[in-house]
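Accompanying notes for the structure given below.
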Amino acid sequence: MDSLQSDTGQWRSRVGKELRQRIDALDVAPNGKPGPFPAAAAFLRGLEVLCRGGHGFHLGGKRHAHLYFGDAFLLYLRIEGLDRNNPSLLLAQQPHGKLKHGTLDASHLLFGRRIHGVIAALGLEHDQRLMRMRDGYRALPGVPSAFFQLIQAQLIDIVQAGEHAQMGQQPSLFAMPPPKPRRKQRDRSQGPPPPATVALAGDIDRHVATLTELLSARLGAKVTFTLADGELSAMWIEGEAERRESAWSWAELVARLAPSPAPE
């Protein structure tokens, strides 16, 4: 979807052929049967309808999509896994590349209390169908349709709250979020950690190194691991594409990367 600005200064959306085909692939399989992720397809089509409603929303991008409200970036949407028949939809607050000229990053409007409230309301905090990523969330088939419906409702609420802000009824939504408090440094006067703790850390280092070698050999590419907010992620390069899997435990992550062969 290419997002353009008309001569009148009003933003408008344009849906690209490739993105439309990818959305269709989520909804309808090549054999005509129901697709693997119709809820995500309905969500993306609903956003397109929302952008045609004259509220100020517009979509930009070609293969994937950036969602804006006026001159403010809100959400990056990326369809993944279609080629592996393992589709997912990434909802990220980090834009892909540079923002459109003349726009600013206001993704905190959705990725602060709003999206956390939706997840808590539906009890999805530890649901494997909605995976926490470094810059957002990855929705997998089976995630409740209500998740997407409530996300769209929050986007509409951003508009309504913004209108109230213009009338002086509340602070502007586009104010930057307050800075995060500094972490307190550990009191070094407590002395070094116990030897058993140091030894355990050394064992973990050796096990992770062995696991890295085994999985790298299985995938045919160097695997790197990251840990953020309690979530483990593995990243490797396949062809020219970056691949990533995430889980809440080492066992689950390894199962995703190296599934057991199907019984004969």
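Using a 4.5 Å cut-off on side-chain heavy atoms (C-beta onward), Asn86 and Leu140 make no contact. With contacts defined as side-chain heavy-atom distances shorter than 4.5 Å, the pair Ile115/Gln93 does not qualify. Side-chain contact check for Leu75 versus Leu91: some heavy-atom pair is nearer than 4.5 Å. Looking only at side-chain heavy atoms (C-beta outward), Leu74 and Ser107 stay at 4.5 Å or farther from each other. The shortest side-chain heavy-atom distance between Phe37 and Val143 falls under the 4.5 Å cut-off. Arg114 is listed as a side-chain neighbour of Ile158, based on a closest heavy-atom distance under 4.5 Å. Residues Ile156 and Leu50 have side chains in contact (heavy-atom distance under 4.5 Å, counting atoms from C-beta outward). Put simply, the side chain of Arg45 reaches to within 4.5 Å of the side chain of Ile23, judged on heavy atoms.
Between the side chain of Ser216 and the backbone N or O of Val223 there is at least one donor-acceptor pair closer than 3.5 Å. At distances below 3.5 Å, not a single donor-acceptor pair connects side-chain atoms of Arg63 with backbone N or O atoms of Glu18. Arg129 places a side-chain N or O within donor-acceptor distance of the main-chain N or O of Gly142, the cut-off being under 3.5 Å. Judged by distance alone, with hydrogens and angles left aside, the side-chain atoms of Arg22 form a donor-acceptor pair with the main-chain N or O of Ile79 at under 3.5 Å.
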Working note: Leu110 + Gln154, criterion side chain to side chain contact (heavy atoms under 4.5 Å, CB included); need CA distance, chi angles, decisive distance, verdict. CA-CA 7 Å; Leu110 178 63; Gln154 288 299 318; 4.1 Å; yes
Check the pair Leu77, Leu47 against side chain to side chain contact (heavy atoms under 4.5 Å, CB included), reporting the backbone distance first and the verdict last. CA-CA 11 Å; Leu77 296 152; Leu47 291 181; 3.5 Å; yes
Verify side chain to side chain contact (heavy atoms under 4.5 Å, CB included) between Leu124 and Val118, making sure each step is shown before the conclusion. CA-CA 9 Å; Leu124 299 175; Val118 169; over 6 Å; no
Test log, rule side chain to side chain contact (heavy atoms under 4.5 Å, CB included), inputs Leu155 and Leu67: CA-CA 10 Å; Leu155 292 169; Leu67 179 67; 3.6 Å; yes
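Both Leu44 and Leu82 are part of a single hydrophobic cluster, where members link through side-chain heavy atoms under 4.5 Å apart. A chain of hydrophobic side-chain contacts below 4.5 Å, direct or via other Ile, Leu, Val, Met, Phe, Trp or Tyr residues, connects Leu122 to Ile151.
Closest of all the heavy-atom pairs between His64 and Leu19 is O-CD2, 4.1 Å. Nearest approach of Thr212 to Lys222, heavy atoms of both residues: CG2-NZ, 3.7 Å. The two atoms that bring Phe148 and Ala139 nearest to each other are CZ-CB, 3.9 Å, heavy atoms only. Closest approach of Ile237 and Met235 over heavy atoms only: CD1-SD, 4.2 Å. The shortest heavy-atom contact between Pro95 and Tyr76 is CA-CB, 4.3 Å.
Using the six-membered ring where Trp is involved, Tyr137 and His116 have ring planes that are perpendicular, over 60° apart on the 30 and 60° scheme. In this structure, Phe69 and Phe57 have tilted ring planes: the angle between them lies in the 30° to 60° band.
Ion pair Arg244/Glu80 not flagged as a salt bridge, since none of the NZ, NE, NH1 or NH2 atoms sits closer than 4.0 Å to an Asp/Glu carboxylate oxygen.
Expressed to the nearest 0.5 Å, how far CZ of Arg52 lies from NE2 of His58 amounts to 15.5 Å. Rounding to the nearest 0.5 Å gives a distance of 5.0 Å between CD of Glu48 and CZ of Arg20. Atom-to-atom distance recorded for Asp157:CG and Leu109:CG is 11.0 Å, nearest 0.5 angstrom. Note: Gln94 CD to Asp105 CG = 7.0 Å, rounded to the nearest 0.5 Å.
More than 12 heavy atoms of other residues, nucleotides or ligands lie within 6.0 Å of CG in Asp83, so this atom counts as buried by the packing criterion.
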